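Because the structure is a prediction, the values reported are computed rather than measured.
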Amino acid sequence: VAKQIQPHKAARQLKTRINTLENRLTRLQRKLSDVVSSLSNPALYQTSNGPDSNQENLQGLLREQMELNAEIEVVESEWLELATELESNV
């Protein structure tokens with residue numbers, strides 16, 4: 001028989017999880033801001049040859065931007081779900 005979590009303990013766990021998600025979201029948004037800043041550098045779009053070409057850097061930054069946007073969307077969705085659950089428990 002599973003123990004039921006007491007309402008105040010459940011609320012505390014939700015708040016902890018929400019706080020963790022908010023911190024993660026802040027880190028992800030900071031990383032995304034850095035990537036966007038790098039993408040705004042005009043030198044990145046100049047053609048060059050070699051193993052460390054701007055094209056490879058550009059592709060890497062665009063890939064990272066897509067991944068960060070996707071991860072932010074997942075974290076925001078989870079945050080919203082938990083925040084809604086917390087509100088309904090209060």
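Considering CD of Glu76 and CG of Leu28, their distance stands at 9.5 Å, rounded to 0.5 Å. A distance of 11.5 Å separates CG of Leu14 from CD of Glu87, quoted to the nearest 0.5 Å. Atoms CD1 and CG, from Ile18 and Leu86 in turn, are 4.5 Å apart once rounded to the nearest 0.5 Å. Atoms CG and CG, from Leu68 and Leu61 in turn, are 10.5 Å apart once rounded to the nearest 0.5 Å. Rounding to the nearest 0.5 angstrom, the gap separating the CG atom in Leu82 from the NZ atom in Lys15 is 13.5 Å. The CD atom of Glu81 sits 7.0 Å away from atom CD of Glu78, with the distance rounded to the nearest 0.5 Å.
The cluster map of Ile, Leu, Val, Met, Phe, Trp and Tyr, joined by side-chain heavy atoms under 4.5 Å apart, puts Ile72 and Leu80 in the same cluster. Linking ILVMFWY side-chain heavy atoms closer than 4.5 Å, directly or via other members, places Met66 and Val75 in two distinct hydrophobic clusters. Criterion: ILVMFWY side-chain heavy atoms under 4.5 Å apart, direct or through other members. Under it, Val74 and Trp79 are not part of a common hydrophobic cluster.
A donor-acceptor distance shorter than 3.5 angstrom exists from the side chain of Thr26 to the backbone of Glu22, with no hydrogens or angles considered. Although no hydrogens or angles enter the test, the distance criterion places no donor-acceptor pair under 3.5 Å between the side chain of Ser33 and the main chain of Gln29. Within the 3.5 Å criterion, the main-chain N or O of Tyr45 finds no donor-acceptor partner in the side chain of Asn54.
For residues 24-47, every residue pair satisfying the salt bridge (Lys or Arg N to Asp or Glu O under 4.0 Å) rule, not counting sequence neighbours, is listed here: Arg24-Glu71.
For the pair Val35/Leu62, no side-chain contact is recorded, criterion being any heavy-atom separation below 4.5 Å from C-beta on.
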